[in-house]
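Remember, it's a predicted structure, so these values are computed and weren't measured experimentally. Throughout, protein chains are lettered first and strands after them, A, B, ... in sequence-line order, and every chain is numbered starting at 1.
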Protein chains: 2
Amino acid sequence: MTKVTMADVAKFAGVSKSTVSQYINHRYEYMGEGTRRKIKEAIEQLGYQPNYVAKSLKQKRTFIIGIIVADIVHRFSTEVSRSIEDFCYENEMQAIICNADNNGKKEKKYIDMLRAKQVDGLIIFPTGQNEDLYKKMVEEGYPVVFMDRDIPHLKAPFVLANNQQATYEAISYFIQKGHQRLAIATQPLTISSRKERIEGYKQALNDHHIEPRADYMISTDISELHQNLNRLFQLDMPPTAILAGNDLVFLEILSFLQEKKLKIPEDVSLIVFDNIPFAHLTNPPMTIIAQPAFEMGAKAADLLLKQINKEAILPERIYFTCELICR
Amino acid sequence: MTKVTMADVAKFAGVSKSTVSQYINHRYEYMGEGTRRKIKEAIEQLGYQPNYVAKSLKQKRTFIIGIIVADIVHRFSTEVSRSIEDFCYENEMQAIICNADNNGKKEKKYIDMLRAKQVDGLIIFPTGQNEDLYKKMVEEGYPVVFMDRDIPHLKAPFVLANNQQATYEAISYFIQKGHQRLAIATQPLTISSRKERIEGYKQALNDHHIEPRADYMISTDISELHQNLNRLFQLDMPPTAILAGNDLVFLEILSFLQEKKLKIPEDVSLIVFDNIPFAHLTNPPMTIIAQPAFEMGAKAADLLLKQINKEAILPERIYFTCELICR
DNA sequence: TTGTAGGCGTTATCAT
DNA sequence: ATGATAACGCCTACAA
């Protein structure tokens, strides 16, 4: 175990703890060449490693941030997290990732836990179920950045995708390709991003004078998606195109189509809202709406670190443009 | 900010700090009903949250473990990490994941960093480039578990896959299907798991009286894989089957085959050593060698926590059986 | 049953 | 240029 402490180094080098501390923190300004060498040697001899816990206690900074994702299973979440981690690495920080599993209780527990561990700030994909807590943190001035889902009326930095606009464009593209019977499937409309995607869908239909049909709009838990799809494709006029609201929905649809021996794109066309790892390698290649996960993660991390270092007053809501990749 | 401390609670409740400490740590044994209620109230009123940094300093435990993966890009690494996190959650611990990026320097930096932060233990996918450091940790009795790659002669707990055996079986299966010209492609043979896969391949050929050919065995960086595949398929007798040593190699091969308009399985058969997220949904479905990532992660976490809690003397090397999923 | 005092390993302030 | 001393917030004997 690392039991050699600064006091040991000090004794070994024949100087005081303060001087060793100076050395550790690269404050060589007034340090004599001799002491410097002695300390260096002592550290090497003893194999001394500073204790960050003690340092943190004193400085009230842990150099750790927390990431709380609503659902780690999404490709998008993992890409964003990775990008945040990269950004942290470059800034000598570390990240703890926690998976709230779409569960408000778990989210609260993690927020409390991470704050108890004194992490310097939090990036949250909010479940939306702890509005009071979000608000309290913001009011206390605790550094937070929210991602992916908007919480209306919350005055805090948000990093968001332009869901509505992107969906609008994708559906319009489908319509231009000649589709008239378009369906959309998402998970339950409990968070802003899903609602916005539905909005974009409706608006596109409207603008192209297609009447939206309630039975073409599915919003359900993944576990019940299969039977909903069944119902959808048993309609007299089943859709010729369907937009999958995210990657999980996509996988479920794919498996459904395969089971029913429906071919893409002959029997039904598919667009996915989310990056799919090898969309370019599937057969046929998949048309997707790609969110700039990497940029969004980097931005969130940047905003958080700026906040932690009190470097800037933060903007409130930043929207990123998604890209429709037609294949 | 959490500025309210135990002393504040004590003062507010009209008791001493120690009593509050007792309360926080659920030592109600000798505590009067009255004090208990007063403290409870004080905590609620003040919104007190214990400071884990201070607690950690005193108790020399942070309730955090570190995971250092050699390359986070692999599906296997992420599945294992997820599984470790789940296990930690159930045991009131947290995990910090670091990506060494196959870089020994980075690996060392992370190990030092995490230990400086006093994490309670480490799970490492070793790059193999810091043998002395691994050894030192083990000798110091610092809790460590190694994953995925063996480091010969290191007396420490390892959680490993039976790479050789699994590859042997996969190749044998191909041979039974009538293949005679079998190739294998892996990343460079710098770590044990890749070497073992090659060994299993050779052994299977041998046992079936097929002469191994050097030009059918590719071990190269991903960046140079494409040109190696080019060479492979320009041979007079190109292989009819190829085993991809991991998921990254697989993606590269897939993209190569697509470019050359080679069909699976008509022109060439493919087996992948690694779980591919939607292998069952690709067309045609992919035959894979699946490592039990979830179980391996849970086991590693279990061993580490046991070690941290000094609950057991640890076994040295545990091998997990991979499953050949034929599709 | 509760309080007092000291220490965990640093850093910060102020002397010297 | 370097050192003494007091925090940081909590836990733990031991005393009362």
S.K.: Please name all residues satisfying side-chain hydrogen bond (donor to acceptor under 3.5 Å, both in side chains) with B:Lys117, sequence neighbours left out, ordered by chain then number.
M.R.: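 For B:Lys117, the residues satisfying side-chain hydrogen bond (donor to acceptor under 3.5 Å, both in side chains) (neighbours in sequence not counted) are A:Gln94.
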S.K.: Do nucleotides 10-16 of chain C as a string where each nucleotide becomes B, S or -: B if the base has a protein heavy atom under 4.0 Å, S if just the sugar-phosphate does, - if no protein is that close.
M.R.: BBB----
S.K.: I'd like to know if B:Arg82 and B:Asp86 make a salt bridge, using a cut-off of under 4.0 Å between side-chain N and carboxylate O.
M.R.: no
S.K.: How long is the line joining NZ of B:Lys38 and C1' of C:dT1, in whole Å?
M.R.: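 About 12 Å, once rounded to whole Å.
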S.K.: Mind calculating the distance between CG (A:Asp8) and P (C:dC8) to the nearest angstrom?
M.R.: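 So the CG-P distance, A:Asp8 to C:dC8, works out to 11 Å.
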S.K.: Under 4.0 Å, counting only non-hydrogen atoms across every strand here, what does B:Val15 touch: a base, just sugar-phosphate, or nothing?
M.R.: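 Sugar-phosphate contact only - B:Val15 comes under 4.0 Å of backbone atoms but never of a base.
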S.K.: Output the rounded distance in Å from NZ (B:Lys11) to P (C:dT2).
M.R.: 20 Å
S.K.: Between A:Ser16 and D:dT2, does any side-chain N or O lie under 4.0 Å from OP1 or OP2?
M.R.: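 For A:Ser16, the contact criterion (side-chain N or O under 4.0 Å from OP1 or OP2 of D:dT2) is not met.
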S.K.: I'd like to know if the side chain of A:Asn91 reaches the main chain of A:Met93, judged simply by a donor and an acceptor atom lying under 3.5 Å from each other, with no hydrogens or angles considered.
M.R.: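 Answer holds: no.
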S.K.: Does a side chain donor of either B:Thr62 or B:Asp120 reach within less than 3.5 Å of an acceptor in the other side chain?
M.R.: yes
S.K.: Report the distance from atom NZ of A:Lys17 to atom CG of A:Asp8, rounding to the nearest 0.5 Å.
M.R.: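 Here the interatomic distance stands at 10.5 Å.
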S.K.: In whole angstroms, how far is the C1' atom of D:dG3 from the CE atom of A:Met31?
M.R.: 14 Å
S.K.: In whole Å, I'd like the distance from the NZ atom of B:Lys117 to the P atom of C:dC8.
M.R.: 24 Å
S.K.: Check the distance between D:dC11's P and A:Leu57's CG and give it to me in whole angstrom.
M.R.: 12 Å
S.K.: Quick check on C:dT2: is either OP1 or OP2 less than 4.0 Å from any side-chain nitrogen or oxygen of B:Thr35?
M.R.: yes
S.K.: How many whole angstroms separate atom NZ of A:Lys60 from atom P of D:dA7?
M.R.: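 That distance rounds to 13 Å.
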S.K.: Under 3.5 Å, sequence neighbours excluded: what are the donor-acceptor pairs made by side chains of residues 73-81 of chain A?
M.R.:
{"from": "A:His74", "atom 1": "ND1", "to": "A:Asp247", "atom 2": "OD1", "distance (Å)": "2.9"}
{"from": "A:Arg75", "atom 1": "NE", "to": "A:Glu79", "atom 2": "OE2", "distance (Å)": "2.9"}
{"from": "A:Arg75", "atom 1": "NH2", "to": "A:Glu79", "atom 2": "OE2", "distance (Å)": "3.4"}
{"from": "A:Ser77", "atom 1": "OG", "to": "A:Asp71", "atom 2": "O", "distance (Å)": "2.9"}
{"from": "A:Thr78", "atom 1": "OG1", "to": "A:Arg75", "atom 2": "O", "distance (Å)": "2.8"}
{"from": "A:Ser81", "atom 1": "OG", "to": "A:Ser77", "atom 2": "O", "distance (Å)": "2.7"}

